[in-house]
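Order of the sequence lines sets the chain letters (A, B, ...), proteins ahead of strands, with each chain counted from 1.
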Amino acid sequence: MERKVQTRREGLPELPNLNGQKPILRFAPNPNGPLSFGHSRGLVINGEYAKDLDGELILRFDDTDTTVKPPMMEAYDSIPIQQEWLCGFPAHRIVIASERMEHYHEYAKKMLDGGFGYVCTCSAEDFKVHRVGMTECPCRDNSIDENLERWSKMNDPKEYQPGDAVLRVKTDMTLKNPALRDWPAARIQTNPHPRVGNRWRVWPLLDFQSAVEDYLQGVTHIIRGKDLMDSTRKQTLLYAHFGWEYPETIYWGRVKVHEFGAFSTSQMKRDIAEGKFSGWEDPRLPTLTALSRRGIQPEALRAFWVELGLTQKDIAVPLSTLYSHNTKAIDIKAPRLSFVRNAFPVVLNGEYPKEGTIQSHSDTEMPPRKYSIDEGVWIEKEDSSKPIRLKDLCDIDADGNVESIDRSDKRPVVHWVAGGTSSKLVIASGQDLETVEGILEDNTHPVGTIVQLERIGYAILEEDGLLMVHD
RNA sequence: GCUCGUAUAGUGUAGUGGCCCAUCAUGAAGCCCUCUCGAGGCUUCGACCCGGGUUCAAAUCCCGGUACGAGCACCA
């Protein structure tokens with residue numbers, strides 16, 4: 001009996017409603033800090049589609065909030081670098097929202113002119129009562145002229161102050177979903193923006209700014225977290241007012257990586273300021289710079305996210321899944337090296353080759369490593385005082401007497417160092433930084449080389465020691 | 001409370017009515033190879049949330065239940 005082999009879809013699912021067009025995708029972080037692991041999903045998914053379908057990836061800085069999550073100037077420079085590192089190509093366009101404010105103002109005014117927006121002077125608390133009670137606020141029925149006048153008052157420093165008035169999109173106060181009822185589109189902020197200072201007073205909120213910008217840029221597909229589902233619905237209502245067609249939208253669910261815990265950009269910023277972490281590159285942090293420093297390869301990150309796919313399911317994945325992809329990326333080019341922790345000296349008695357070479361990598365043609373022994377070697381304390389096989393050298397008994405050059409039995413094979421240099425291996429485990437002292441085999445690999453420490457795992461050579469990649 | 005969404009092995013994932021006693025990866029266990037607890041090869045383990053309905057036929061469609069998650073900000 002023959003059974004047909006089931007066809008399994010490889011990679012990302014097909015993009016819906018492509019209709020032969022090249023997709024225009026975007027990834028829009030808030031530049032209030034460097035990119036982190038969480039951002040990498042959006043970058044990878046949007047980037048892979050843009051690359052595979054010969055479309056375009058827009059990198060957009062949604063930096064219209066100067067109060068709650070104010071922008072950080074260095075992020076404007078670091079984010080494009082991190083984006084290119086991760087995606088493997090630079091974004092086709094970079095859009096900075098704070099420099100396109102005149103467009104948002106233009107469409108805000110069109111909204112008022114068209115009678116589908118209004119300036120609301122109710123307090124947030126008062127409006128909440130209307131939202132919950134499905135009642136209309138008094139500002140809703142004001143004339144277009146009244147609204148235009150109030151709009152200019154919002155923009156006038158001598159008139160409305162922050163909190164006095166917001167611009168709202170007129171939807172329907174009896175909509176089933178409370179989130180959609182006359183949602184806010186813009187508000188007054190007087191904190192200076194790091195890029196454009198106090199040039200603007202009325203700033204758009206995400207749902208409005210993003211919607212207008214997606215339209216202006218001709219975005220065809222929006223792929224984002226399902227927490228933004230209501231954003232889509234709000235923006236679709238706005239698009240209907242303008243007579244635009246909303247892009248195809250796809251969502252992914254929440255991802256929890258247990259080892260990373262709950263890091264937020266603002267929390268990390270505080271912890272770094274308090275000295276809890278050494279900086280954005282601290283190997284304990286889930287930032288892209290830290291991951292890169294720790295030897296995580298961009299292709300591993302890409303394979304990881306593509307494999308998780310685009311389901312709306314909430315998932316929890318262990319970091320070991322990412323590590324498994326990373327091993328595939330680094331093993332083939334990682335030279336082997338010995339690092340002896342808790343070094344214990346063993347004097348060798350008997351005949352054995354005092355000089356020789358050992359393979360650097362059993363599956364590649366890497367130049368072999370040389371060793372030279374005076375009278376003994378270092379082994380790990382845990383391996384001492386029992387018969388062992390010194391890897392690639394000889395069998396010895398518990399006292400260091402050489403028993404055989406060839407492997408004679410199934411005794412454990414142990415790594416060792418002759419000479420060597422004392423070094424340290426730093427291991428980031430959760431919130432802790434563990435340092436292990438040891439002796440590293442002499443080598444000429446440059447800083448930044450990812451090596452495999454035999455019987456320990458992968459590590460990256462740094463100026464002052466070794467940083468554990470993963471095992 | 002209201003609204004929206006999701007539910008396949010330990011963890012992820014494929015699968016849109018019959019090729020499914022369910023795919024692939026990861027994980028665990030074991031074997032082979034290898035002078036690493038690495039890499040590679042092989043074997044084994046292990047799942048369609050529950051209850052109804054539609055149908056000749058349901059993991060797949062419909063309805064309830066349950067669980068989990070998200071939104072209801074003058075944050076993104």
Side-chain angles (χ1 to χ4, degrees), chain A residues 2-10 13 28-32 61-71 97 120 122-124 127-128 131-132 134 162-168 175-181 183-189 202-203 205-207 209-210 224-234 251 253-256 258 265-266 303-304 306-318 320-325 327-328 330-332 334 336 338 358-359 361-364 389-395 406-407 411-415 452-458 471:
Chain A
E2 221 178 347
R3 233 195 303 171
K4 254 195 205 167
V5 184
Q6 180 195 340
T7 52
R8 178 184 164 78
R9 203 200 72 231
E10 289 292 334
N30 178 355
N32 65 335
F61 294 99
D62 281 349
D63 60 342
T64 55
D65 171 49
T66 63
T67 316
V68 183
K69 296 174 183 170
C120 173
C122 300
S123 70
F127 193 83
K128 189 175 181 178
R131 181 171 51 236
V132 173
M134 298 168 90
D164 287 353
V166 293
L167 174 69
R168 289 190 182 281
L175 249 22
K176 267 171 62 177
N177 187 340
L180 312 184
R181 298 171 194 157
W183 53 272
R187 75 336 197 160
I188 302 167
Q189 288 186 120
V202 177
W203 290 83
L205 272 329
L206 171 85
D207 288 317
Q209 176 266 126
S210 176
R224 57 183 173 194
K226 68 173 183 182
D227 51 313
L228 263 18
M229 271 182 168
D230 282 345
S231 268
T232 299
R233 299 185 182 103
K234 289 186 212 174
Y251 308 95
R254 221 177 57 139
V255 173
K256 234 186 210 158
H258 188 259
T265 302
S266 29
F304 173 81
V306 168
E307 186 176 63
L308 292 196
L310 278 172
T311 63
Q312 292 185 25
K313 213 166 127 184
D314 300 313
I315 54 178
V317 274
S320 56
T321 306
L322 173 64
Y323 292 162
S324 139
H325 286 291
T327 297
K328 287 183 178 68
I330 61 177
D331 181 75
I332 196 71
R336 272 48 174 167
S338 268
I358 302 175
Q359 280 186 314
H361 193 305
S362 54
D363 305 326
T364 71
R389 166 80 189 167
L390 296 176
K391 186 173 182 291
D392 296 303
L393 187 64
C394 59
D395 287 358
D406 292 321
R407 193 169 184 188
R411 68 182 70 187
V413 177
V414 159
H415 66 292
Q452 190 199 74
L453 303 177
E454 287 186 341
R455 295 176 67 218
I456 299 174
Y458 300 94
D471 52 22

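- Residues meeting the side-chain hydrogen bond (donor to acceptor under 3.5 Å, both in side chains) test with A/S324, sequence neighbours left out: none.
- At a cut-off of 3.5 Å, with distance as the only test, a side-chain donor of A/D331 or A/Y458 sits close to an acceptor on the other residue.
- Remark: C1' of B/C75 and CG of A/L228 are 11 Å apart, rounded to the nearest angstrom.
- No side-chain heavy atom of A/S338 sits under 4.5 Å from any side-chain heavy atom of A/K391.
- Helical stems in RNA chain B, defined as runs of 3 or more consecutive Watson-Crick or G-U wobble pairs with both donor-acceptor distances under 3.5 Å, are listed by first residue as B:1-7 with B:66-72, B:10-12 with B:24-26, B:27-32 with B:40-45, B:49-53 with B:61-65.
- Distance CG (A/D207) to P (B/C75): 11 Å, rounded to an integer number of Å.
- You'll find that the side chain of A/R187 is closest to B/A76, out of B/A76, B/C37, B/C72.
- We find that OH of A/Y323 is positioned 17 Å from P of B/G38, with the value rounded to whole Å.
- Among the nucleotides B/A76, B/C74, B/U26, the one closest to any side-chain atom of A/S324 is B/U26.
- Between A/L390 atom CG and B/U36 atom P there is a gap of 13 Å when expressed in whole angstrom units.
- Residues that satisfy the side-chain hydrogen bond (donor to acceptor under 3.5 Å, both in side chains) test with A/N32, not counting sequence neighbours, are absent from this structure.
- Side-chain N/O atoms of A/R224 include none lying less than 4.0 angstrom from OP1 or OP2 on B/A76.
- Qualifying side-chain contact (heavy atoms from CB on, under 4.5 Å) partners for A/R455, counting only residues two or more places apart in sequence or in other chains: A/D383, A/V414, A/H415.
- Rounded to whole Å, the distance from CD on A/Q359 to P on B/G38 is 17 Å.
- Partners of A/D62 under the salt bridge (Lys or Arg N to Asp or Glu O under 4.0 Å) rule, at least two apart in sequence or in another chain, are A/R60.
- Applying the side-chain contact (heavy atoms from CB on, under 4.5 Å) rule to A/S266 yields the partners A/S264, A/R270; only residues at least two apart in sequence or on another chain are considered.
- Closest to the side chain of A/R168, from the set B/A39, B/A25, B/C74, is B/C74.
- Along RNA chain B, the nucleotide nearest A/P13 and the nucleotide nearest A/Q209 are compared for position; the residue whose nucleotide lies closer to the 5' end is A/P13.
- Partners of A/D392 according to the side-chain hydrogen bond (donor to acceptor under 3.5 Å, both in side chains) rule, which considers only residues two or more places apart in sequence or in another chain, do not exist here.
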Nucleotide-resolved protein contact map, nucleotides 2-11 of chain B, B/S/- at heavy-atom distance under 4.0 Å: BSSSSSS--S
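- A/K69 has no carboxylate O lying under 4.0 Å from a charged side-chain N of A/D63, or vice versa, which leaves the two without a salt bridge.
- In this structure, the side-chain contact (heavy atoms from CB on, under 4.5 Å) partners of A/R254, at least two apart in sequence or on a different chain, are A/K256, A/D314.
- Residue-to-nucleotide contacts include a donor-acceptor pair under 3.5 Å from the side chain of A/Q452 to the base of B/U36.
- If you find the closest nucleotide of RNA chain B to A/H325 and to A/L453, the one lying nearer the 5' end belongs to A/H325.
- One interatomic measurement links the two molecules: NE2 of A/H361 to P of B/G38, which rounds to 13 Å at whole-angstrom precision.
- Remark: A/R254 is in phosphate contact with B/A70, judged by side-chain N or O atoms under 4.0 Å from OP1 or OP2.
- Distance A/I456 CD1 to B/A39 P: 15 Å, rounded to the nearest Å.
- Residue A/K328 places at least one side-chain N or O closer than 4.0 Å to OP1 or OP2 of B/U26.
- Listed by chain and number, the residues in a side-chain hydrogen bond (donor to acceptor under 3.5 Å, both in side chains) with A/R411 are A/E403, A/D409 (sequence neighbours excluded).
- Shown are A/K234, A/R168, A/R233; of these, the salt bridge (Lys or Arg N to Asp or Glu O under 4.0 Å) with A/D207 is made only by A/K234.
- For A/V413, the listed nucleotide lying nearest its side chain is B/U36; candidates were B/U36, B/C74, B/G12.
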I'd like a list of close polar pairs between nucleotides 44-50 of chain B and the protein, N/O only, cut-off under 3.5 Å.
none

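- Spacing between atom CG of A/L205 and atom P of B/C72 amounts to 11 Å, rounded to whole angstrom units.
- The side-chain contact (heavy atoms from CB on, under 4.5 Å) search around A/Q189 returns A/D65, A/T66, A/T67, A/R187, A/W203, not counting sequence neighbours.
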